[in-house]
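Take a look at the structure below.
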Amino acid sequence: MSKPSPVGTVMIAAARAAGRSLARDFGEVENLQVSRKGPADFVSNADHRAEEIIYTHLTKARPGYGFVMEERGIVEGTDKSNRFIVDPLDGTLNFLHGQPHYAVSIGLERDGKMLAGVVFDVAKNEIFWAETGRGAWLEQRKLRVAARKKLGEAVIATGTPWMGKSEEAHITFAREMAAMTPATAGIRRYGSAALDLAWVAAGRFDGFWERGLKSWDIAAGVVLVREAGGHVAEINGGDVMKTGDIMAGNEDILPALEHQLRHAASFARAAADK
């Protein structure tokens, strides 16, 4: 059994502390569902509280490290090699509607490469963690990606473009769903990219794809999948941490995902040429 490094231990502690705050606020959100004003403002405050808890924990333990945070933005540190990439509440819409599927996500980037990741599923009290060279773990159980080789037997997770995304983004997603759905055993959309990637690492999902995510959505999950023996790639061959266009799976499922996404793109080009 592997144990997290000192910095990994600090990340887990910060995620748990933020999770306790979110869990308390989640109970209040359920009560706010019936109010006229609605829970949106409350959830925003819950998000900020969780981020402040993480920031306080991590700056105390690693005072020189920088940060990339969903709410606070980029915080430069005196240590230019290390920075934490933090999403204090991934799955905000689920949280807003009283649905118990949301997570705290903390990644550690060192010299431009993802080194460690923690994803805390607050409602299920599950800590997923991984560090380069130490493997991926659910608490003390070592994780391994699913072994299925055929896309037709696979359950694949994804995320849909939200309101406010461009028309092109919605059209692209519709075409990719049209290509992917008949080729798989099933498609799932649960609303938390961090947990989707953690579940790929755990073998609960066979693969995942989504476009336009932020670095804090995927930073921890990228390490989890890779350390669980899986593969992560940018859909168009670029830098996934910059574009957020991500696909993940084992060595057989990932190429199959890529093939279907390419099929959707070629179909779109053929339609445009007519």
Side-chain angles (χ1 to χ4, degrees), residues 1-23 50-70 72 75 77-91 102-145 192-204 214-232 240-241 248:
M1 180 185 74
S2 181
K3 293 183 179 180
S5 69
V7 71
T9 300
V10 167
M11 292 165 66
I12 290 171
R16 283 198 181 279
R20 287 192 292 271
S21 176
L22 289 172
E51 185 171 280
E52 184 62 31
I53 289 168
I54 294 168
Y55 183 74
T56 300
H57 269 71
L58 296 181
T59 51
K60 182 178 180 180
R62 294 294 186 275
Y65 286 19
F67 287 83
V68 179
M69 310 186 85
E70 182 177 14
R72 195 179 294 255
V75 179
T78 56
D79 183 337
K80 302 303 180 183
S81 293
N82 294 285
R83 64 178 184 173
F84 294 109
I85 303 176
V86 178
D87 189 345
L89 175 54
D90 188 67
Y102 58 94
V104 179
S105 176
I106 305 174
L108 173 60
E109 181 187 72
R110 178 166 295 166
D111 295 324
K113 296 181 179 179
M114 292 310 306
L115 179 73
V118 173
V119 174
F120 181 28
D121 184 334
V122 179
K124 300 177 190 66
N125 193 30
E126 291 185 331
I127 281 277
F128 300 86
W129 67 272
E131 296 184 55
T132 300
R134 292 175 182 260
W137 301 79
L138 171 53
E139 304 288 355
Q140 298 176 350
R141 179 169 66 84
K142 190 171 177 60
L143 299 180
R144 190 73 184 171
V145 293
S192 169
L195 284 174
D196 288 341
L197 287 165
W199 284 21
V200 171
R204 297 174 183 178
K214 301 298 185 182
S215 61
W216 50 78
D217 296 319
I218 62 176
V222 164
V223 186
L224 280 161
V225 172
R226 288 174 176 166
E227 285 298 302
H231 301 270
V232 175
V240 70
M241 294 302 295

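As the structure is a prediction and not an experimental result, all values here were calculated from the model. Values below: all heavy atoms of this structure, side chains included; hydrogens, waters and symmetry mates excluded.
Rounding to the nearest 0.5 angstrom, the gap separating the CG atom in N82 from the CZ atom in R110 is 4.0 Å. To the nearest 0.5 Å, atoms OG (S5) and CG (L115) are separated by 7.5 Å. Distance check: Y65 OH to D79 CG gives 6.0 Å after rounding to the nearest 0.5 Å. Of the inter-residue distances, the one linking R20 atom CZ with N125 atom CG reads 10.0 Å to the nearest 0.5 angstrom. Expressed to the nearest 0.5 Å, how far CG of L224 lies from CG of L143 amounts to 7.5 Å. To the nearest 0.5 Å, atoms CE (M241) and CD1 (I85) are separated by 4.0 Å.
Nearest heavy atom pair, residue D87 against residue E70, reads OD1-OE1, 2.7 Å. Nearest heavy-atom pair, S192 versus A103, reported as atom, atom and distance to 0.1 Å: OG-CB, 4.4 Å. Closest of all the heavy-atom pairs between P4 and W129 is N-CH2, 3.3 Å. Nearest heavy atoms, A220 versus S105: CB-OG, 3.4 Å. For the residue pair S215 and V68, the shortest heavy atom distance occurs at OG-CG1, 4.0 Å. Nearest heavy-atom pair across V119 and G221 is CG2-N, 4.5 Å.
Between T59 and F67 there is a side-chain heavy-atom pair separated by less than 4.5 Å. Considering only heavy atoms from C-beta on, M69 stays 4.5 Å or farther from W216 through its side chain. Looking at I218 and L197, their side chains come closer than 4.5 Å, going by heavy atoms from C-beta outward. In this structure, the side chains of E131 and V118 stay at 4.5 Å or more apart for every pair of heavy atoms. The closest side-chain heavy-atom distance from R226 to V232 is below 4.5 Å.
Partner of W137 under the side chain to side chain contact (heavy atoms under 4.5 Å, CB included) criterion, out of K3, K142, E227: K142 alone.
One N or O on the side chain of D90 and one on the backbone of A194 form a donor-acceptor pair closer than 3.5 Å.
A cation-pi arrangement is absent between R62 and F84 under the rule of less than 6.0 angstrom and at most 45 degrees off the ring axis.
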